[in-house]
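Everything on this sheet refers to the single structure shown next.
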Amino acid sequence: MALFDPNFDPLTLLGMAVLNPVVIGVAIYMGQKSDQWQKLVVVGFASAFAGAAAVWLATTVGLLAPRPFGSDAGLFLFSFVYGMLIGGVVYVFKQRAGKSTR
């Protein structure tokens with residue numbers, strides 16, 4: 001039994017999470033709508049869920065090649081962290097823009 005699967009490539013999963021337009025779009029939209037920083041966890045989860053659904057749909061239709069078993073959890077984790085990061089940046093910019101107009 002191998003401890004490391006040579007077919008598992010975390011850099012590919014990271015690239016799929018970072019370049020997924022659904023994750024980016026949901027994180028930007030929900031980051032703008034957030035009124036408390038604690039909601040950024042919800043932003044990350046929602047963007048990861050929407051991104052995972054989009055990847056699943058693209059794989060089912062045949063636009064993406066199937067990935068090795070178990071890579072979906074890694075993709076969800078990377079998308080979650082990236083969605084929180086994007087949402088946090090948008091939230092901070094929104095807060096700073098709101099303070100400068102007052």
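Everything numeric in this text was worked out from a predicted model, so none of it was measured. What you see below is based on every heavy atom in this structure, not just the backbone, and it leaves out hydrogens, waters and symmetry mates.
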Worksheet item: According to a 4.5 Å side-chain heavy-atom criterion applied to Ile, Leu, Val, Met, Phe, Trp and Tyr, with indirect links allowed, do Leu63 and Leu57 form part of one hydrophobic cluster?
Response: yes
Response to the item:
Tightest non-hydrogen contact, residues Val23 and Tyr82, listed as CG1-CD2, 4.1 Å
Discussion item. To check you understand the geometry: which heavy-atom pair defines the closest contact between Ser34 and Val43, and what is its length?
Written reply: OG-CG2, 3.6 Å
Fill in: Those residues that, when tested against Phe49, pass ring-ring contact (aromatic ring centres under 6.0 Å, His included) (two or more places apart)
none
Discussion item. Taking Val89 as the starting point, is it possible to reach Val26 by hopping between hydrophobic residues whose side chains are less than 4.5 Å apart?
Written reply: no
Discussion item. Any non-hydrogen side-chain atom of Phe80 less than 4.5 Å from a side-chain atom of Val41?
Written reply: yes
Worksheet, complete the sentence: On a heavy-atom basis, the closest approach of Leu40 and Met84 is O-CG, 3.2 Å
Worksheet, complete the sentence: Interatomic distance, CD1@Ile28 vs NZ@Lys94, rounded to 0.5 Å, equals 14.0 Å
Discussion item. Do Met16 and Trp56 land in one hydrophobic cluster if side-chain heavy atoms of ILVMFWY residues count as linked below 4.5 Å?
Written reply: no
Worksheet item: Do you know the tightest heavy-atom contact between Val55 and Leu75?
Response: CG1-CD2, 3.9 Å
Worksheet entry | Under the side chain to side chain donor-acceptor pair (under 3.5 Å) test, residues paired with Lys33 that sit two or more places apart | none
Discussion item. Would you say that Ser47 contacts Ile86 through its side chain, given a criterion of any heavy-atom pair below 4.5 Å between the two side chains?
Written reply: no
Discussion item. If hydrophobic clusters are built from ILVMFWY residues whose side chains come within less than 4.5 Å, do Leu85 and Val92 share one?
Written reply: no
Worksheet entry | Minimum-distance pair of heavy atoms, taken over all atoms of Ile24 and Val18 | CD1-O, 3.5 Å
Worksheet item: If two hydrophobic side chains count as joined below 4.5 Å and joins carry through other members, does Val81 share a cluster with Phe45?
Response: yes
Worksheet item: Residues two or more places apart in sequence or in another chain: which of them pass ring-ring contact (aromatic ring centres under 6.0 Å, His included) with Phe93?
Response: none
Practice prompt. For Leu14 and Phe78, work out which heavy atoms get closest and say how close.
Written response: N-CD1, 3.7 Å
